[in-house]
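Accompanying notes for the structure given below.
Here, residue 1 is the first one in the sequence, and each next residue gets the next number. Order of appearance sets the numbers: ligands from 1, and atoms from 1 within every ligand.
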Amino acid sequence: MSYDNNNIFAKVLRGEIPCKKIYEDEFVLSFYDINPQKKIHALVIPKGKYTDLDDFNNNASSDEIAGFFRGVSKVANKLGISIDKGNGYRALANIGENGGQEVPHLHFHLFGGEKIGKMVE
Ligand code: 5GP
């Protein structure tokens with residue numbers, strides 16, 4: 001699938017749609033999900049144009065991949081849900097149609113602040 005420059009998260013990255021920002025660096029932007037499913041529900045997206053996790057892992061540079069996954073832990077730490085600061089969290093990526101992905105820009109959901117429950121409903 002080619003990258004759609006008009007997907008919602010591309011617009012968030014360009015500042016065309018507002019977000020409640022949690023963290024930003026060279027590699028990632030993190031913000032709260034507009035429709036939270038748990039007490040804390042954050043999204044972490046890479047700054048590069050990648051549709052999903054497979055696209056990212058196949059095409060991103062090693063620096064981008066390291067920066068993104070380090071960013072996930074930085075966000076968890078900032079939110080106080082990391083192993084170090086809290087009681088842990090769930091990181092989840094939906095990938096493609098069968099995975100239930102709605103926005104075609106790679107994102108990880110971070111759920112925390114309470115027991116997250118069953119892995120798959
Ligand atoms: P997916 O189903 O693709 O894994 O998750 C997409 C997520 O993006 C959903 O949880 C949805 O609530 C969230 N979302 C959709 N549009 C917006 C938006 O404009 N702003 C924010 N912050 N989140 C959004």
Legend entry - Note: Lys47-Glu64 ion pair, threshold 4.0 Å (strictly below): no
Inset, instruction - Give a yes/no on ligand 1: does His107 have at least one heavy atom closer than 4.0 angstrom to it? - result: yes
Inset, instruction - Starting from atom 3 (O) of ligand 1, locate the nearest protein heavy atom and write down its residue, its atom name and how far away it is, to 0.1 Å. - result: Glu102 N, 2.6 Å
Inset, instruction - Heavy-atom distances under 4.0 Å are what count here, so tell me which part of Phe9 touches ligand 1: side chain, backbone, both or neither. - result: side chain
Inset, instruction - Quick one: look up the protein heavy atom nearest atom 22 (N) of ligand 1 and list residue, atom name and how far away it is. - result: Tyr32 O, 2.9 Å
Inset, instruction - Please confirm whether His109 comes under 4.0 Å of ligand 1, counting heavy atoms of the residue only. - result: yes
Legend entry - Nearest candidate to atom 11 (C) of ligand 1, where distance is taken over non-hydrogen atoms, out of Leu106, Val12, Asp33, Asn35: Asp33
Legend entry - Contacting atoms of ligand 1, where contact means under 4.0 angstrom from a heavy atom of Asn94: 1 (P), 2 (O), 4 (O)
Inset, instruction - Test the Lys20-Tyr32 pair against the cation-pi criterion, namely NZ or CZ under 6.0 angstrom from the six-membered ring centroid and within 45° of the ring axis. - result: yes
Inset, instruction - Could you see which bit of Ile8 sits under 4.0 Å from ligand 1, with heavy atoms only: side chain, backbone, both or neither? - result: side chain
Inset, instruction - Just jot down the ligand 1 atoms closer than 4.0 angstrom to any heavy atom of Gly100, in number order. - result: 2 (O)
Legend entry - Those atoms of ligand 1 less than 4.0 Å from some heavy atom in Gln101: 3 (O)
Inset, instruction - Return a yes/no value for Val103: is any of its N or O atoms, backbone included, closer than 3.5 angstrom to an N or O of ligand 1? - result: yes
Inset, instruction - Fit a plane to each ring of Tyr3 and His105, take the angle between them on a 0 to 90° scale, and name the class: parallel (under 30°), tilted (30 to 60°) or perpendicular (over 60°). - result: perpendicular
Inset, instruction - Consider only side-chain N and O atoms of Lys11 and Asn5, and report whether a donor and an acceptor are under 3.5 Å apart. - result: no
Legend entry - From the candidates Ile34, Ile17, Asp52, Ile95, the one that places a heavy atom nearest atom 15 (C) of ligand 1: Ile34
Inset, instruction - Compute the minimum heavy-atom distance from Cys19 to ligand 1 and say whether it is under 4.0 Å. - result: no
Legend entry - Aromatic centroids of Phe31 and Tyr23 separated by under 6.0 Å: no
Legend entry - Ile65 reachable from Val75 in the ILVMFWY side-chain graph, under 4.5 Å edges: yes
Legend entry - Check: Tyr50/Asp52 side-chain N/O donor and acceptor closer than 3.5 Å: no
Legend entry - Asn59 versus Asp55, side-chain donor and acceptor atoms under 3.5 Å: yes
Legend entry - Distance flag, aromatic centroids of His107 and His109, threshold under 6.0 Å: yes
